[in-house]
Number of protein chains: 2
Amino acid sequence: MRSITMPATLKDIAKETGLSTATISKYLNGAKLREKNRIAIEQAIRKLDYTVNEYARGFKLNRSHIIGVIIPDLNNLFITNILVQMETLLREHDYSIMICDCHTDAALERELIHFLLGRMVDGIINMPVCATGEHLKPALSKKVPVLVLDRMISGLEGQIDNILIDNASIARRAVQSLIDQGHRQIGLIIGPTDYSTSRERLEGYRQALASSGITVNDSLIAYSDFTVEGGYESLCHLLKCNPNMTAVFPTNYDMTLGSFIALKEQNIRIPDDMSFIGFDDMGLSRVTHPPLTIVAQPLEQLGIYAARRILSRLEDPDEVPISITLSASLKIGTSVGVPRHVEDE
Amino acid sequence: MRSITMPATLKDIAKETGLSTATISKYLNGAKLREKNRIAIEQAIRKLDYTVNEYARGFKLNRSHIIGVIIPDLNNLFITNILVQMETLLREHDYSIMICDCHTDAALERELIHFLLGRMVDGIINMPVCATGEHLKPALSKKVPVLVLDRMISGLEGQIDNILIDNASIARRAVQSLIDQGHRQIGLIIGPTDYSTSRERLEGYRQALASSGITVNDSLIAYSDFTVEGGYESLCHLLKCNPNMTAVFPTNYDMTLGSFIALKEQNIRIPDDMSFIGFDDMGLSRVTHPPLTIVAQPLEQLGIYAARRILSRLEDPDEVPISITLSASLKIGTSVGVPRHVEDE
DNA sequence: GTGAAAGCGCTAACAT
DNA sequence: ATGTTAGCGCTTTCAC
């Protein structure tokens with residue numbers, strides 16, 4: 001006899017209704033059957049509080065309906081904004097996500113691939129730390145669909161899906177808009193250059209300057225670390241080394257917050273004393289006066305595309321992996337003005 | 001014959017080594033055996049690239065090694081700070097977490113309990129939206145251990161674990177420290193009072209004032225919503241209604257950020273013009289000058305205790321659910337000063 | 001439309 | 001120390 005705490009199984013429903021487990025299973029999976037039987041089954045299910053044992057089903061069908069997600073840091077609004085959309089959309093399709101934080105540690109990242117494969121995940125979404133993509137090989141050789149998020153990995157074309165943002169383009173446009181206002185001494189606060197996103201933003205900055213015939217002044221480029229503290233210190237450093245700097249462009253949210261606070265604390269007015277273009281349209285950018293001109297990355301879209309792509313791959317194993325690049329937009333505020341020396345002319 | 005993409009099974013290893021599946025299973029689960037056989041198995045495992053089918057194992061043993069986690073919002077550093085520790089510790093014990101964001105929607109929260117139970121999670125950790133705990137009943141009746149995080153739910157004592165922070169106490173101490181400096185007009189920015197944390201912080205504020213014989217002035221209490229915008233607007237509102245206010249105490253991280261920026265923008269100096277005690281020692285508090293006096297909640301500890309408790313419950317089903325209350329601390333900076341009118345006396 | 005039976009990969013008696 | 005065997009709950013032929 002089945003104890004009070006043991007959940008009911010198909011067999012119990014079969015016994016209760018006098019039907020076979022096969023029939024009930026089929027019904028549960030969408031088959032049609034005699035009205036009388038349908039009702040009997042529904043009744044038995046309610047009476048015995050039956051729910052499908054997804055574990056047995058997954059075991060039988062060899063699919064878990066779980067997507068593994070490996071990210072470098074959960075404590076990051078840029079990342080969670082993407083995850084929220086992904087999770088919501090995947091759950092609507094009856095998939096759940098297993099999030100693993102590798103703490104920006106490439107060795108742990110590699111381990112986590114194995115961890116997730118051991119958990120029989122149906123697919124893997126990864127914002128990679130390891131730039132070579134070497135860590136993804138075990139998943140690929142097991143034919144588990146892999147999607148790489150927000151960072152470029154070369155050498156795996158055609159084997160993985162890739163959702164990217166056109167960082168070079170948006171950085172170029174942002175810096176160009178500063179140049180158009182007359183700025184020549186434009187500070188850039190950039191993240192670690194082992195990430196393709198940082199390199200591309202730097203490249204966009206260089207392109208904009210080059211196309212206007214402005215020589216790049218290396219002392220205007222602060223190499224930072226994507227943190228609030230990093231942004232704060234970089235801004236202070238840039239100011240000290242470049243008294244003539246008239247505009248500054250931090251290139252992620254935390255550094256935007258840090259450098260914004262540094263400016264406020266030094267009583268440097270935006271845009272009167274310093275023009276400012278921030279990054280990522282979250283928290284801070286919703287309250288500042290003047291409203292910030294800001295690079296708005298389509299984070300929700302990133303999450304949605306990632307979820308859609310992995311679902312497509314799962315539905316049709318023959319689907320070919322592709323790379324999708326989304327455009328960011330420049331949200332215009334009033335934190336960019338005409339630089340002093342131009343006004344004076 | 002097993003196709004190239006089908007993963008190897010115990011049977012394959014058995015065939016390869018000439019041993020039985022039982023022996024290999026036992027070895028995999030820690031049993032000792034003849035050195036010769038051990039080597040043969042290791043070799044076969046490597047040759048066939050075998051990994052345990054966790055799905056079959058979980059099915060057989062009726063445990064998934066998955067903890068379901070339901071939170072009101074992933075886009076929240078307070079929450080992710082807790083999750084990071086939880087995830088790390090649980091994974092070290094070979095558990096993974098399935099995170100579901102209910103978007104502060106009680107109906108979705110209830111649904112997610114069913115979703116997770118259907119996924120056969122071994123336990124559930126929940127920072128609840130629903131204050132009655134009604135949504136947890138299905139989990140409890142299935143004997144799935146439930147742990148409630150950071151919020152009090154009454155009526156479920158002895159049935160659920162509960163990890164809390166002593167909000168009343170820390171709020172009282174924070175406000176007391178302002179009173180000790182001579183402040184009498186102390187603004188409070190509080191979150192939605194449907195959460196026990198908000199009510200307790202408000203209670204702590206009241207207690208501190210009462211114990212010093214100060215009458216509570218309702219116009220000094222701003223009921224806000226835990227967001228950056230909310231903090232910004234609440235600060236502006238408090239200032240307008242209370243020109244005599246000499247100190248302000250926002251009670252979560254986002255509202256701390258919002259009100260801090262509002263002060264900066266109005267050129268109100270901290271602590272000269274306004275004393276300030278912030279909440280949650282993250283991002284902002286690491287860069288401000290002067291360093292903020294701040295309520296530091298033990299977020300990492302919260303995550304660690306939650307993980308430990310649920311692991312204990314899983315290891316020993318007879319373990320009795322308990323409630324643990326952690327103390328927050330007041331990190332002293334220099335954002336609190338002596339109010340003007342006292343200096344003048 | 002319905003049922004009988006096989007089997008997914010693993011573990012746990014139980015036997016040797 | 002190792003093998004035999006049954007069976008977890010489900011889906012899926014293949015009959016009828």
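Note that the structure is a prediction, hence the values are computed from the model and not measured. Chain identifiers are assigned alphabetically (A, B, ...) following the order of the sequence lines, protein sequences preceding nucleic acid strands; residue numbering begins at 1 within each chain.
Shown here is A:Arg110, whose CZ atom has no more than 12 heavy atoms of other residues, nucleotides or ligands within 6.0 Å. Counting non-hydrogen atoms of neighbouring residues, nucleotides and ligands closer than 6.0 angstrom, the OH atom of A:Tyr305 reaches no more than 12 such neighbours.
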Sugar-phosphate or base contact per nucleotide [nucleotides 10-16 of chain D; S, B, -; heavy atom under 4.0 Å]: BBBB---
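Checked against salt bridge (Lys or Arg N to Asp or Glu O under 4.0 Å), A:Glu92 has no partners two or more places apart in sequence or in another chain.
Look at CD1 on A:Ile13: it is 12 Å from C1' on D:dG9, rounded to the nearest Å. At whole-Å resolution of the value, OH in B:Tyr27 and C1' in D:dG3 are 19 Å apart. Distance CG (A:Leu19) to P (C:dA5): 17 Å, rounded to an integer number of Å. Between A:Asn62 atom CG and C:dC10 atom P the separation is 11 Å, expressed in whole Å. The NZ-P distance, from A:Lys15 to C:dG3, rounds to 15 Å in whole Å.
Ionic pairing of B:Asp122 and B:Arg63 is not present here: no N-O contact between side-chain nitrogen and carboxylate oxygen is shorter than 4.0 angstrom.
Applying the salt bridge (charged side-chain N to carboxylate O under 4.0 Å, His left out) test to every pair with at least one member in residues 127-141 of chain A, sequence neighbours left out, gives these pairs: A:Glu134-A:Lys137.
Within the 4.5 Å cutoff, no side-chain heavy atoms of B:Arg151 are placed close to those of B:Ile165.
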